[in-house]
Amino acid sequence: MNCQLFNLPKKADGRGNLSVIEEFKQVPFKIKRTYWIYDVPGGVERGGHAYRENEEFIVALSGSFDVCVADGKEQKTFSLNRSYYGLYIPKGIWRIMNNFSTNSLALIVSSTNYDEKDYIMDYEEFLQYSTTSNRF
Ligand code: TYD
């Protein structure tokens, strides 16, 4: 599984902390889009899909949540509970986000513009896709 959790730079001084992401540095792709998820009600699950082409880099700017990923062979759960963690998710990965804490804020940077045709919404179709796409 090519998902990877990175420790982002953290500049700490008496005024607080600062972390940073830049394309082709911490983020291993050209950034085309940024969106954020917030005000998630307790117990809600988001995601539940894969992308054919889009890659993502996810940071919990505030609070915490889990990202559960699967590549058709292996499953993993990453707990994003520090503002200096960054999770890279390549294309072709099924992902679910859950366990959002109150007031959590998820930042997602993406390698493509939004395209609903890039989504695989059905898990069976994803499993089929991951075995036939020859990527793993
Ligand atoms: P969706 O991808 O289903 O969110 P999640 O993966 O967190 O469950 O997107 C929710 C809605 O927002 C859906 O109507 C599509 C829209 N949307 C955009 O318009 N642009 C975007 O960049 C994204 C990610 C979603």
Side-chain angles (χ1 to χ4, degrees):
M1 159 121 25
N2 293 327
C3 297
Q4 214 179 331
L5 188 65
F6 293 98
N7 271 318
L8 302 173
K10 179 179 167 186
K11 314 287 179 182
D13 60 34
R15 301 167 301 158
N17 301 329
L18 181 153
S19 289
V20 60
I21 49 177
E22 290 185 61
E23 64 182 10
F24 300 132
K25 287 190 181 170
Q26 297 80 18
V27 178
F29 53 77
K30 178 154 185 59
I31 297 170
K32 277 281 192 70
R33 175 167 52 117
T34 303
Y35 64 95
W36 47 101
I37 295 172
Y38 52 99
D39 290 347
V40 179
V44 160
E45 193 166 271
R46 300 206 52 123
H49 51 66
Y51 302 109
R52 291 180 174 83
E53 291 303 326
N54 187 44
E55 301 168 62
E56 291 187 323
F57 195 90
I58 305 179
V59 180
L61 289 184
S62 178
S64 62
F65 50 86
D66 292 342
V67 184
C68 311
V69 291
D71 64 4
K73 287 182 182 159
E74 201 187 341
Q75 299 190 5
K76 272 188 191 171
T77 297
F78 295 94
S79 289
L80 299 191
N81 52 16
R82 295 285 180 266
S83 301
Y84 55 83
Y85 286 166
L87 177 65
Y88 169 64
I89 305 182
K91 60 186 174 182
I93 299 286
W94 188 264
R95 72 140 174 87
I96 289 169
M97 298 165 74
N98 58 22
N99 286 330
F100 287 89
S101 69
T102 305
N103 288 332
S104 57
L105 171 58
L107 177 79
I108 298 108
V109 294
S110 295
S111 68
T112 66
N113 291 122
Y114 175 68
D115 176 9
E116 63 180 335
K117 293 191 294 300
D118 191 44
Y119 283 64
I120 303 171
M121 301 294 292
D122 179 74
Y123 192 65
E124 292 304 316
E125 187 188 336
F126 164 72
L127 290 176
Q128 190 72 22
Y129 179 80
S130 64
T131 49
T132 55
S133 66
N134 231 352
R135 239 200 302 279
F136 305 111

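For the numbers below, each heavy atom of this structure counts, side chains included, while hydrogens, waters and symmetry mates do not. Counting starts at 1 for both ligands and their atoms, in listed order.
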[atom]: which protein heavy atom is closest, and how many Å away?
atom: atom 2 (O) of ligand 1; result: Tyr119 OH, 2.6 Å
atom: atom 7 (O) of ligand 1; result: Arg46 NE, 2.9 Å
atom: atom 6 (O) of ligand 1; result: His49 NE2, 2.6 Å
atom: atom 22 (O) of ligand 1; result: Arg33 NH1, 2.5 Å
atom: atom 8 (O) of ligand 1; result: Gly47 N, 2.9 Å

Using the ring centroid of each side chain, check whether Tyr119 and Tyr51 are separated by less than 6.0 Å. yes

What do you reckon, are the aromatic ring centroids of Tyr129 and Phe126 less than 6.0 Å apart?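 They do not qualify: ring centres at least 6.0 Å apart.
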
Heavy-atom pair with the smallest gap, counting every atom of Glu23 and Phe29: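 Where Glu23 meets Phe29 most closely, the heavy atoms are CB-O, 3.4 Å.
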
For ligand 1, which part of Ile37 has a heavy atom less than 4.0 Å away: the side chain, the backbone, both, or neither? side chain

Just let me know how Met97 lines up against ligand 1, side chain, backbone, both or neither, with a heavy-atom cut-off below 4.0 Å.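 Within the 4.0 Å criterion, Met97 makes no contact with ligand 1.
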
Backbone or side chain, does any N or O of [X] fall under 3.5 Å from an N or O of ligand 1?
X: Tyr35; result: no
X: Tyr51; result: no
X: Tyr114; result: no

side-chain contact (heavy atoms from CB on, under 4.5 Å) for Val59 and Val109? Distances and angles first, verdict last. CA-CA 9 Å; Val59 180; Val109 294; over 6 Å; no

Residues Glu53 and Lys91 bridged, charged N to O under 4.0 Å: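 Counted as a salt bridge, because a side-chain N and a carboxylate O are separated by less than 4.0 Å.
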
If you group Ile, Leu, Val, Met, Phe, Trp and Tyr by side-chain heavy-atom gaps below 4.5 Å, do Val27 and Leu61 land in one group? yes

Would you please test Ile58 and Phe65 for side-chain contact (heavy atoms from CB on, under 4.5 Å) and show each step? CA-CA 11 Å; Ile58 305 179; Phe65 50 86; 3.9 Å; yes

Under-4.0 Å protein heavy-atom contact, atom 12 (O) of ligand 1: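 It does not; no protein heavy atom is within 4.0 Å.
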
Using distance only, find each side-chain donor-acceptor pair of residues 35-43 under 3.5 Å and give its atom names and separation, not counting sequence neighbours.
| residue | atom | partner | partner atom | Å |
| --- | --- | --- | --- | --- |
| Tyr35 | OH | Glu56 | OE2 | 2.8 |
| Tyr35 | OH | Arg95 | NH2 | 3.2 |

